[in-house]
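I have placed the structure first, in the form of structure tokens, so that the comments after it can refer back to it.
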Protein chains: 2
Amino acid sequence: MDAYRQKRLEARARILKAVGNASRLLILEELAQGEKCVADLTQEVGSDISTVSKHLSLLKAVGLVKDDKRGNQVFYTLLAPCVLNFFDCVESVLEARVQHQIEMIG
Amino acid sequence: MDAYRQKRLEARARILKAVGNASRLLILEELAQGEKCVADLTQEVGSDISTVSKHLSLLKAVGLVKDDKRGNQVFYTLLAPCVLNFFDCVESVLEARVQHQIEMIG
DNA sequence: CTCCTATTTGCAATATTGGCCAAATAGACA
DNA sequence: TGTCTATTTGGCCAATATTGCAAATAGGAG
């Protein structure tokens, strides 16, 4: 495999890995409704605020969200609405698997 | 957050996590062209065949691929063509980030 | 059955992740 | 300036993930 393909795969994997975590998935779902500050998201996620902050900085690093500092709060915005399509696809995979399991039983 | 939402997020995250790995991403790209056996995929990935086999069993466990044993070979097939849309979305995120960096420089 | 090939599984080493706590930073406001 | 609030960063630990090697398994051919 050539080095270019390798780099491209790694770049893609980095983004997908960022989405592949329950807490970050929740954050993305929340941000899909509109911008929110770290404290609000922390309320939803239920982890320590420092943990949520790190999740957000990872999402920002891969380009999925952007931040906007206003006063002493930081508001995060979803930059890639297409991640919502991810969710649909993933949902269909889940349903297909359930269907498959039903067939195995029956 | 209610327990149902938690479970749903974890199930989704499990699938997305499976995609968020360069080797598995390569495997999925290869399988998008049609079914392949473990040895063929190993050739592409460049890791040990046991490693590739483990990647495949993970992809199968989350329902993204299925396997079909024929003779002494095992052929894997992509079950969720919609993951290809992931790739488009991820690509657009990558491009947007590059664009953003250009703006920062300029 | 024996041998050969393809794949999977078990194990151990190493790397990465996710979490909390504590400390540092940044901004608002007196 | 000092204090309060919001967020980020650094350190650390436990849990999980990734990998390769070696051994086990499964199927085809002689």
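Letters A, B, ... are given to chains in the order of the sequence lines, protein chains preceding strands, and every chain is numbered from 1.
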For A:Tyr76, report the nucleic acid contact type (base, sugar-phosphate, nothing); a contact means any heavy atom under 4.0 Å.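 Answer is sugar-phosphate: A:Tyr76 comes under 4.0 Å of backbone atoms only.
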So, for A:Gln73 and A:Cys37, which heavy atoms are closest and what is the spacing to 0.1 Å?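 Heavy-atom minimum between the residues: NE2-SG, 3.5 Å.
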Nearest atoms (heavy-atom pairs only) where A:Cys89 meets B:Val83: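 Closest approach of A:Cys89 to B:Val83: SG-N, 3.7 Å.
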Expressed as a whole number of angstroms, how long is the span from [X]:[atom1] to [N]:[atom2]?
X	N	atom1	atom2	answer
A:Lys36	D:dA6	NZ	P	17 Å
B:Ile49	D:dA22	CD1	C1'	14 Å
A:Gln73	D:dC4	CD	C1'	14 Å
A:Asn21	D:dA15	CG	C1'	13 Å
B:Asp48	C:dA12	CG	C1'	14 Å
A:Leu26	C:dG19	CG	P	11 Å
B:Gln43	C:dT5	CD	P	17 Å
B:Leu41	C:dA6	CG	P	14 Å

Are [X] and [Y] side-chain neighbours, meaning at least one heavy-atom pair lies under 4.5 Å?
X	Y	value
B:Tyr76	B:Lys36	no
A:Val19	B:Phe86	no
B:Leu31	B:Thr77	no

Does a side-chain N-to-carboxylate-O contact under 4.0 Å join [X] and [Y]?
X	Y	value
A:Glu10	A:Lys17	no
A:Asp67	A:Lys69	no
B:Glu30	A:Arg5	yes
A:Arg8	B:Glu29	yes

Does A:Ser47 make a side-chain donor-acceptor contact with the base of C:dC20, cut-off 3.5 Å? no
Looking only at side-chain atoms of [X], point me to the closest of [options].
X	options	answer
B:Val38	C:dT7, D:dT7, D:dG20	C:dT7
B:Ser23	D:dT19, D:dT8, C:dC20	D:dT19
A:Lys17	C:dT17, C:dT7, D:dT7	C:dT17

Can you see if the side chain of A:Ser53 gets near the phosphate of D:dT8 - specifically, an N or O under 4.0 Å from OP1 or OP2? yes
Distance test, side-chain N/O of B:Ser50 to OP1/OP2 of C:dT8, below 4.0 Å: no
Using residues 39-48 of chain A as the side-chain source, report each donor-acceptor pair under 3.5 Å to any protein atom, sequence neighbours left out, with the distance given to one decimal.
from, atom 1, to, atom 2, distance (Å)
A:Thr42, OG1, A:Val38, O, 2.7
A:Asp48, OD1, A:Ser50, N, 2.9
A:Asp48, OD1, A:Ser50, OG, 2.7

Does anything in residues 54-72 of chain B reach DNA chain C, meaning a heavy atom under 4.0 Å, and if so which residues? B:Lys54, B:Asn72
Neighbours of DNA chain C within residues 2-16 of chain B, by heavy-atom distance under 4.0 Å: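 Of all residues in residues 2-16 of chain B, none places a heavy atom under 4.0 Å from DNA chain C.
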